[in-house]
Amino acid sequence: MAKLQAIRGMNDILPAQTSTWQALEAAFHRVVNRFGYQEIRFPVLEQTQLFKRSIGEVTDIVEKEMYSFDDRNGDNLSLRPEGTAGCVRAADQHGLLYNQQQRLWYQGPMFRHERPQKGRYRQFQQFGVEAFGMSGPDIDAELIQLSADLWRELDIAEALVLQINNIGASAERKAFGAALTAYLEAHSERLDDDARNRLYSNPLRILDSKNPDMQALLAEAPVLADYVSEESVSHFEELKALLSNAGVAFEVNPRLVRGLDYYNNCVFEWVTDSLGAQGTVCGGGRYDGLVEQLGGKPTVAAGFAMGAERLVLMLETLDKVPQQVPTSLYIVVPNGLAKEAQSLAATLRGEMPEQRIISHCGGGKPASQLKRAFSLGARYAILLDSEGLDQGVVRLRELKDGGEEATLTLDEAPVQIAQRLLRA
RNA sequence: GUGACUGUAGCUCAGCUGGUAGAGCCCUGGACUGUGACUCCGGUGGUCGCGGGUUCGAACCCCGUCAGUCACCCCA
């Protein structure tokens, strides 16, 4: 029988990496709390319809990347490819949105059936933040500041660049799209296959083509900025002013268009060149029409999501992986002293519940147990032996070159050990 | 979905133009240190991704398939 293995693009995260993940999650939680956002949790599965109506029927995500299937009732369900749709559905369903302001965050796995590559997997973790009921550019600026705060917290700020753009309202984009299509049609002989395919279905996507020939052609093309409303422009200008005031550097990237249909007005991405092809670490923007589009009362909104795997990759490549918390104490247990070791360990854990204490199990000679203590990076070892226990003492050894070695009575051991562990 | 490269012990890899598989690390037994490391001796562990084919004979050649990596596409 063939060996069972993980589904393609769905990765196991092993102990060597989980401490990095935990540190990342902790940092995110700190920042999000600092800004007064509240956690919301919602299912991994939703009606397929929810994603089709929010993300857009003709987007790549919906057309070819969703994990969809019929359940036993014949309902067509999909694993969530992103978080915003489910978040909006949940918040609206429970009346959190109407005439209210909400600042929400979530985290969890998302699923897209794409070809895996560096920084892109079929199951991936996102941290997301969504703000409802605030129409001004101040909330957009707040979201961006929140993300910038996280980069500082993770010490990766210098490796990230903020790009922003104003993509206007959907009607305006439609008008611009028509103009763009007309322009490109006039130069159809210069279009690559990809651009030709998108010419009528989604012309805006041609804007961020990586093909230099396309970019050259686009240099003379109509500009989206000329099609967006005055109101939208002034919103964008205010956002820029707020960012400058907050000391957040940004680049306006007129080619920045997002792949989900629900965005409008200002959108942004944090990008890095330290991850290869998948340089976008965080992306978001306003989506003022989405709640209504999904059947709720009109509710303005903005938010973003970031990819946890990409952040972990960044931490690793930039050598910012936080240090693991070391094992505090390893109890070396000669054969026959299991009971004594168990009692001692219980006492010590009760005395210092925050410390990591491992009591050796499985026997073996003291020498190899001590070796294990060293290789685990433990700070101290207790060496039990029956003669010592008869006299009511244990030996404590500091596990580093030239470390101290002391004999402690069983009574004073907890206090003595705690003192040593606490003085760093 | 397309393309390129890769797939040999738990890990990192070697294996010349095809002749029945090796090293280091790890783990482990012992010697030696009262209690790790360094040194010495010994040991466990591989259907060479999988399935076909060519051949007297394939880890090495051919085809297929699966998986990994990176890129395109797209996005977090």
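Here is how names work: the chains are called A, B, and so on, in the same order as the sequence lines, proteins then strands, and each is numbered from 1. In this text, all values refer to a predicted model and were calculated from it rather than measured experimentally.
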What integer distance in Å separates [X]:[atom1] from [N]:[atom2]?
{"X": "A:His113", "N": "B:rU2", "atom1": "NE2", "atom2": "P", "result": "11 Å"}
{"X": "A:Arg205", "N": "B:rC72", "atom1": "CZ", "atom2": "C1'", "result": "14 Å"}
{"X": "A:Leu160", "N": "B:rA76", "atom1": "CG", "atom2": "C1'", "result": "13 Å"}

Report task. Mind checking side-chain contact (heavy atoms from CB on, under 4.5 Å) for A:Phe69 and listing every partner two or more places apart, or none if nothing turns up? Result -> A:Leu45, A:Asp71, A:Leu77
Query raised in the report: When you check every protein heavy atom under 4.0 Å of nucleotides 4-9 of chain B, what one-letter string (B, S, -) results, 5' to 3'?
Result: ------
Report summary line: The contact string for nucleotides 24-30 of chain B, one letter per nucleotide 5' to 3', using protein heavy atoms under 4.0 Å with B, S and - for base, sugar-phosphate only and none, comes out as ----S-S
Requested in this report: Name the closest nucleotide to the A:Gln278 side chain, picking from B:rC73, B:rG36, B:rA67.
Outcome: B:rC73
Requested in this report: Among B:rC73, B:rC75, B:rA67, find the nucleotide with the atom closest to the side chain of A:Arg120.
Outcome: B:rC73
Nucleotide forming a Watson-Crick or wobble pair with [N], both distances under 3.5 Å:
{"N": "B:rA23", "value": "B:rU12"}
{"N": "B:rC40", "value": "B:rG30"}
{"N": "B:rA59", "value": "none"}
{"N": "B:rU2", "value": "B:rA71"}

Query - Strand contacts (RNA chain B) in residues 46-70 of chain A, 4.0 angstrom heavy-atom criterion - result: A:Asp60, A:Glu65
Requested in this report: Can you sort out which residues in residues 325-338 of chain A have a heavy atom within less than 4.0 Å of RNA chain B? Ascending by number, please.
Outcome: none
Take atom [atom1] in [N] and the same atom in [M], then report the distance between them in whole Å.
{"N": "B:rU12", "M": "B:rC62", "atom1": "C1'", "result": "30 Å"}
{"N": "B:rC48", "M": "B:rC27", "atom1": "P", "result": "27 Å"}
{"N": "B:rC66", "M": "B:rU28", "atom1": "C1'", "result": "35 Å"}
{"N": "B:rC32", "M": "B:rG36", "atom1": "P", "result": "12 Å"}
{"N": "B:rC16", "M": "B:rC72", "atom1": "C1'", "result": "38 Å"}
{"N": "B:rC40", "M": "B:rG53", "atom1": "P", "result": "49 Å"}

Report task. With sequence neighbours excluded, give me every ring-ring contact (aromatic ring centres under 6.0 Å, His included) pair touching residues 116-136 of chain A. Result -> A:Phe28-A:Phe127
Query raised in the report: What pairs meet the ring-ring contact (aromatic ring centres under 6.0 Å, His included) rule with one or both residues in residues 32-57 of chain A, with sequence neighbours excluded?
Result: A:Phe42-A:Tyr106
Report summary line: Given the options A:Leu311, A:Val271, A:Leu313, A:Ile156, A:Val281 meets side chain to side chain contact (heavy atoms under 4.5 Å, CB included) only with A:Leu311
Quick test of your reading: applying salt bridge (Lys or Arg N to Asp or Glu O under 4.0 Å), list the pairs with at least one residue in [range], sequence neighbours left out, ordered by first then second residue.
{"range": "residues 307-329 of chain A", "result": "A:Asp155-A:Lys320"}
{"range": "residues 44-60 of chain A", "result": "A:Glu46-A:Arg89, A:Asp60-A:Lys64, A:Asp60-A:Arg198"}
{"range": "residues 11-40 of chain A", "result": "A:Arg30-A:Glu153, A:Arg34-A:Asp149, A:Arg34-A:Glu153, A:Glu39-A:Arg41"}

Query raised in the report: Checking all strands, does A:Gly128 fall into the base, sugar-phosphate, or nothing category for heavy-atom contacts under 4.0 angstrom?
Result: nothing
Query raised in the report: Counting any heavy atom closer than 4.0 Å, what does A:Phe111 reach on the DNA or RNA strands: base, sugar-phosphate only, or nothing?
Result: nothing
Requested in this report: Determine, answering yes or no, if A:Phe374 is stacked on B:rA37 under the 5.5 Å centre rule and the 30° plane rule.
Outcome: no
**Report entry** Qualifying side-chain hydrogen bond (donor to acceptor under 3.5 Å, both in side chains) pairs with a residue from residues 267-277 of chain A, counting only residues at least two apart or across chains
**Finding:** A:Ser147-A:Trp270, A:Arg258-A:Glu269, A:Glu269-A:Thr280, A:Thr272-A:Ser274
Query raised in the report: Which residue pairs pass the side-chain hydrogen bond (donor to acceptor under 3.5 Å, both in side chains) test when at least one of the two sits in residues 361-370 of chain A, sequence neighbours left out?
Result: none
Requested in this report: Output yes when A:Arg420 and A:Glu398 qualify as a salt bridge under the 4.0 Å nitrogen-oxygen rule, no when they do not.
Outcome: no
